[in-house]
Amino acid sequence: QVQLAESGGRLVQAGDSLNLSCSASGRPYSSHFLGWFRQAPGKEREFVAGIRWGTGATYYADSVKGRFTISRDKADNTMYLEMNSLRPQDAAVYFCGLGNSYATSPKSFRGWGQGTQVTVSS
């Protein structure tokens with residue numbers, strides 16, 4: 001069972017950039033779909049971006065399209081989230097999850113880590 005661990009979150013100012021990492025304990029299958037999610041206080045966990053492990057095809061929530069870039073390094077079993085032009089509303093705990101196929105509901109993912117906190121000051 002693949003377990004994931006998120007890292008890279010910290011306090012930044014609005015407009016700054018930040019890179020998050022998601023390390024997998026094992027090698028995801030080519031058919032797997034890995035996703036970044038975020039959860040702000042009092043809100044549900046929401047889909048941010050996802051990537052098909054095998055093909056590298058990427059998907060984004062409208063709220064981050066054009067600002068965030070998801071990628072993966074198959075050799076290191078690591079997924080990344082490059083976040084640019086950060087806004088206060090991007091502040092949340094960011095999680096990564098593993099799914100069997102494309103999905104945006106967190107219910108379709110597993111292997112969650114403890115998350116990494118991103119704070120954006122205005």
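From a predicted model like this one, the values you see are computed outputs, not experimental measurements.
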Asker: Leu81 versus Asn19: any side-chain heavy-atom pair under 4.5 Å?
Answerer: no
Asker: Determine whether the side chains of Asn84 and Ser17 contain a donor N or O and an acceptor N or O closer than 3.5 Å.
Answerer: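 Note: Asn84 and Ser17 side chains meet the donor-acceptor criterion.
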Asker: Could you grab the distance from atom CG of Asp90 to atom CG of Asp16, nearest 0.5 Å is fine?
Answerer: 11.5 Å
Asker: Measuring from Leu98:CG to Cys22:SG, what's the distance to the nearest 0.5 Å?
Answerer: 8.5 Å
Asker: For Ser85, is there any backbone N or O sitting under 3.5 Å from a side-chain donor or acceptor partner on Arg67?
Answerer: yes
Asker: Any side-chain heavy atom of His32 within less than 4.5 Å of one from Asn100?
Answerer: yes
Asker: Check Ala14 against Ser122 and note the closest heavy-atom contact, atom names and distance.
Answerer: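 In terms of heavy atoms, the two residues are closest at CB-CA, 4.3 Å.
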Asker: Do Tyr80 and Val2 share a hydrophobic cluster (ILVMFWY, side-chain heavy atoms under 4.5 Å, transitive)?
Answerer: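 No, because Tyr80 and Val2 fall into different hydrophobic clusters, even though each may have its own neighbours under 4.5 Å.
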Asker: Check whether any side-chain N or O of Thr78 sits under 3.5 Å from a backbone N or O of Asp76 as a donor-acceptor pair, and report yes or no.
Answerer: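 Side chain of Thr78 to backbone of Asp76: a pair is present.
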Asker: Determine whether the aromatic ring centres of Phe37 and Phe109 lie less than 6.0 Å apart.
Answerer: yes
Asker: Once side chain to side chain donor-acceptor pair (under 3.5 Å) is applied, do any residues pair with Tyr60, and if so which ones, sequence neighbours excluded?
Answerer: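 For Tyr60, no residue satisfies side chain to side chain donor-acceptor pair (under 3.5 Å) once neighbours in sequence are set aside.
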Asker: Mind checking whether Leu18 and Leu86 have side chains closer than 4.5 Å, heavy atoms only?
Answerer: yes
Asker: What's the shortest heavy-atom distance between Arg52 and Arg72, and which atoms?
Answerer: O-NE, 4.0 Å
Asker: Which atom names give the shortest non-hydrogen contact between Arg38 and Ala92, and what distance separates them?
Answerer: CB-CB, 3.7 Å
Asker: Is the NZ or CZ atom of Arg45 both under 6.0 Å from the centre of the six-membered ring of Phe95 and within 45° of that ring's axis?
Answerer: yes
Asker: Aromatic ring centroids of Phe33 and Tyr102 under 6.0 Å?
Answerer: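 Yes, the ring centres sit under 6.0 Å apart.
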Asker: Do Leu34 and Tyr59 share a hydrophobic cluster (ILVMFWY, side-chain heavy atoms under 4.5 Å, transitive)?
Answerer: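 Different hydrophobic clusters.
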Asker: Are Met83 and Val12 connected into the same hydrophobic cluster when the rule is that any two of I, L, V, M, F, W, Y join if their side-chain heavy atoms are below 4.5 Å apart?
Answerer: yes
Asker: For a 4.5 angstrom cut-off between non-hydrogen side-chain atoms, does Cys96 reach Met79?
Answerer: yes
Asker: Just checking Trp36 against Phe47, ring centres under 6.0 Å apart?
Answerer: no
Asker: Would the distance check show the side chain of Glu6 and the main-chain N or O of Gln114 forming a donor-acceptor pair, the cut-off being under 3.5 Å?
Answerer: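 Checking the backbone N and O of Gln114 against the side chain of Glu6, a donor-acceptor pair under 3.5 Å is found.
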Asker: Check for me whether Arg27 meets the cation-pi criterion with Trp53, that is, NZ or CZ under 6.0 Å from the six-membered ring centre and within 45 degrees of the ring axis.
Answerer: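 No - Arg27 does not lie over the ring of Trp53 by the 6.0 Å and 45° rule.
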Asker: Over all heavy atoms of both residues, which pair between Gly9 and Val118 is shortest? Give the atoms and the distance, please.
Answerer: CA-CG2, 4.1 Å
Asker: Between OG of Ser105 and CD of Glu44, what distance do you get to the nearest 0.5 Å?
Answerer: 9.0 Å
Asker: Would you mind reporting whether Asn77 and Pro28 have side-chain heavy atoms less than 4.5 Å apart?
Answerer: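 Side chain of Pro28 against side chain of Asn77, heavy atoms only: contact under 4.5 Å found.
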Asker: Measure across Thr119 and Ala91 and return the closest heavy-atom pair with its distance rounded to 0.1 Å.
Answerer: CA-CB, 4.2 Å
Asker: Does Gln3 offer a backbone N or O that forms a donor-acceptor pair with the side chain of Ser25 under 3.5 Å?
Answerer: yes
Asker: Indicate yes or no for a side-chain donor-acceptor contact from Arg87 to the backbone of Val120 under 3.5 Å, with no hydrogens or angles considered.
Answerer: no
